[in-house]
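Read the structure below first, then the notes.
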Amino acid sequence: MLRIEHFTKSYGKGKPAVEDLNLHVHPGDIFAFIGPNGAGKTTTLRAVAGIHDFEGGDIFVNGVSIKQDPLSCKKVMRYIPDNPDLYGYLTGIQYLNFLSDIYGLDAATRQARIERYADAFGITARLNDMVGAFSHGMKQKLALIGALIDEPRLLLLDEPFVGLDPKAAFTLKQHMREMTENGAAIFFSTHVLEVAEKLCNKVAIINHGQLVAQGDMDTVKGVKGDDSLEELFMELVEKE
Amino acid sequence: MKQILPLIRIQLMEFFPVSALKNTADAGAKKRAKRRLTSTLVMFLACAYMSATYSMGMLKGGLDGLTYTLAPAFMLVAGCVLGAVTTLSKAGTVLFSSASLDPLLTLPLSRRTVVLSRLFSLYFEEFLISAGMLLTSGVCCQIVVGTLPKAFWPVLVLTIFLSPLIPMGVGGLVGLFVNMLTARMKNKSLFTTVFSMAFLLGVMFLSFNAGTLFTDMADIAGSLQTRLFSLYPPARLFVAGIGGDVGAFLLFAAISLVALALLALAAVKGFAFFYGAINATASGKAFRMGRQKQAGTLLTLCKKELRQKYNTPAWVMNTDIGTVMAVIMTVALIVVGKAQVMEVLEGVFGLGSQAGLIFGLVIAAAQCLSLTATSSVSMEGKGIYIIKALPIRANVWLRSKLLVSMLPPVAGGLLCGVALTVAWKLPFWNALLILGLCVLVGWAFSVVELALGLHFCRFDWENPVEVIKQGGGVLLSMLVTLAFIGGGVALIVFMGYLGAAILCGLLLAVALPIRLVMGKRAEKTLTKL
């Protein structure tokens, strides 16, 4: 589903933000991407989403290179940033219709899906309000709905649980499991290691722009004989 | 008052990000800081350039008797009207927006200190514009006239500091009043825009006395000065001041300071009220799912662009004013009557046979002020990632911006062309000529401005006014527009229809290759943004 090969990205002439990253996400994976602040998680996610250009390596979505054919890649994946700066001048429903038009969803399909996901996240009543008036959590929910209504094959999330209330976080986890049971893949970054441990079948740990561990959750934890992902993380990150 | 100095320093760093340039290692941040600094300097230089063009035109036009007062008075009025309009649309957010105020309000600072520091932010931008315009006008007067009254330079320099205060005071108070009225409205941006536009046009209409404009053409200087004084009465005191009337200048200074004091008092005393009103949001009715409609990508991008425009008062005020001016000009021409206008065109300028071309050029030139293309890329702001992450062809995205930018010139050209043709019973082709010129000029300028906007874009703004008014692309496009107006008038005056054909050819020759290259490189350009 997602293949990252020798990915390298620099900002300016200094040390690369991410260097020679290799990673493979298969259909059905819920893949956690964890690391300290400034490690390169957001840089990697934004490059996969086609937002950032990059100097080294390539990224393939469903076998298609994001450099050669970004449009085809973007048709099958959706990205939600950690701080969703949405269009404050649109109402919630206008924003969802905007995205639905871009995805090419017909009227009946979008109606059904918007109803389903808006009810699930509990923001149906607020869809007439301007997005600029939403709290951070509500924007996060709206951004999630905007990504889910198209039922993408690859979902990229940057710290998706920040700002979500417990019910919304639970709903999101349910939908993530549902998606991957249907063959989609999810690649997300998080600082909440307990969630990553319970939800994900695979994990990659990045520090100072380089991968320090990756693989199946149990295998990665087992390598160092750690009981928890948190212990492994602290060990690996402090060693660097 | 000691507390205010660090706050003022922070405000100045917005305009002159020298610290960011010297201290940051982040190349992206350095680039953004360079752009902000360049924008500030270009804004000052663009105002100076405009002032030099108009001032030299007036001075060398041989307007005897009023030579050293008319040009500075014109610049003063132009700067103040501009200042009042922009302050009206941004006073609320600059003074009371929670995004910028909340961090300060948690510190042990008095509200008075916080408000005064925000007033400085409003003031400084108008000061730069005033300095560029008045200083240059003064230099032009010195070069052309030679010997000036002793009071000229001291009064001019002091006026640079004082002139922003009245427009700030008036614009700020009206802006706060409008914010108060629209606090809980759902479409408060739209109401703010409509009210601001109506206010501005009302003042201009009432003071300009367009009805006698053409009869006063024989005394252009006197007519212009009378209208300047009607539009902005304190200009009379300024003109008396540079002539040596100390009492008049002191009165001007007093009025300026009182205007500032009133705004400061209103802002400080009414802080809690305005803060609550400006940061309040309206709740719409609870949403009930109805039938949804599907639209294509291009249409949905155009709708998004239009919704953003009409939810951003500053953007509307800085663009649609051109179309509104064109419509007002057309109405004024119709009211004055064909016979009188043609008499002036033929008698004073010798251009009776090219009336259709002249009207078309004037209406099209006014439309150049209506174009959203320059700021439209930067206006994506921090949401640019949405466009970059979605499966949207970059060329379609650019096309949507061009189409929205061209809407006012097309609508305005059609309205004005048809109205003038019908009212004056002109041959039908006049309407087509006016519309055609508006469409061509609108398209060509939109293409050039979009190209500038792509080159000079920035997405890290907090207040849209930063990119609507101060962007490097915006200022360059102003200069290009002025060059077009000057060159276009010269071509038509000296070469008639042949000149118009050359002008159209030049527009196509410049804009078409730019559009083709823009389209070809669109995907790469979008990725690199």
Side-chain angles (χ1 to χ4, degrees), chain A residues 10-14 46 49-53 67 70-81 83-111 114-115 118 123-130 132-134 143 146 156, chain B residues 24-31 186-189 279-301 303-312 379-394 396 459 464 523-524 526-529:
Chain A
S10 304
Y11 295 103
K13 291 180 185 158
R46 287 168 78 89
I51 295 169
H52 279 330
D53 208 359
K67 277 183 169 172
L71 215 59
S72 298
C73 296
K74 290 172 188 176
K75 280 180 182 163
V76 298
M77 65 180 170
R78 299 288 163 256
Y79 166 72
I80 300 171
N83 200 2
D85 286 300
L86 306 179
Y87 298 137
Y89 47 87
L90 299 179
T91 61
I93 189 66
Q94 284 172 348
Y95 176 72
L96 294 175
N97 273 315
F98 167 76
L99 291 177
S100 303
D101 288 335
I102 303 295
Y103 302 153
L105 291 178
D106 62 71
T109 308
R110 73 175 68 181
Q111 201 167 312
I114 291 172
E115 257 176 336
I123 67 164
T124 307
R126 298 290 306 275
L127 286 179
N128 254 345
D129 293 350
M130 303 299 272
F134 283 12
L156 307 166
Chain B
T24 186
D26 181 347
K30 254 195 166 86
K31 193 176 170 191
K186 191 174 170 191
N187 292 310
K188 68 175 165 186
S189 295
N279 295 295
T281 53
S283 327
K285 286 187 206 156
F287 176 76
R288 280 174 192 267
M289 179 64 78
R291 280 192 66 177
Q292 302 302 307
K293 288 183 196 163
Q294 186 178 4
T297 301
L298 181 62
L299 179 60
T300 215
L301 287 169
K303 280 185 342 192
K304 172 196 96 60
E305 192 82 2
L306 281 168
R307 283 185 174 130
Q308 184 180 22
K309 178 179 170 182
Y310 288 103
N311 260 286
T312 313
M379 283 298 285
E380 295 284 353
K382 291 171 191 164
I384 183 66
Y385 79 87
I386 300 175
I387 299 295
K388 293 176 83 171
L390 286 174
I392 297 173
R393 287 193 188 283
V396 173
F459 303 108
E523 295 296 344
K524 261 196 181 155
L526 182 59
T527 312
K528 289 193 188 308
L529 286 180

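This one's a predicted model, so the numbers in the text were calculated from it and none came from an experiment.
- The distance from atom CD1 of A:Ile102 to atom CD1 of B:Ile392, rounded to the nearest 0.5 Å, is 4.0 Å.
- Neither the backbone nor the side chain of A:Ser100 comes within contact range of chain B, judged by heavy atoms closer than 4.5 Å.
- With a threshold of 4.5 angstrom between heavy atoms, B:Arg393 approaches chain A through its backbone and through its side chain.
- Here B:Lys309 pairs with B:Asp320 under the salt bridge (charged side-chain N to carboxylate O under 4.0 Å, His left out) rule; sequence neighbours left out.
- Of the atoms belonging to B:Lys293, it is backbone heavy atoms, and not side-chain ones, that fall under 4.5 Å from chain A.
- Note: B:Leu529 CG to A:His52 NE2 = 12.5 Å, rounded to the nearest 0.5 Å.
- Residue B:Ile387 touches chain A through both its backbone and its side chain, counting heavy-atom pairs closer than 4.5 Å.
- Only the backbone of A:Leu105 comes within contact range of chain B, judged by heavy atoms closer than 4.5 Å.
- Counting heavy-atom pairs under 4.5 Å between each of A:Val76, A:Ile114, A:Ile93, A:Asp106 and chain B puts A:Ile93 at the top.
- Taking CD1 from A:Ile51 and NZ from B:Lys388, the interatomic distance works out to 7.0 Å, rounded to the nearest 0.5 Å.
- For A:Glu115, the side-chain contact (heavy atoms from CB on, under 4.5 Å) partners at least two apart in sequence or on another chain are B:Met289.
- For chain B, the nearby parts of A:Leu71 are the backbone and the side chain; heavy atoms of each come within less than 4.5 Å.
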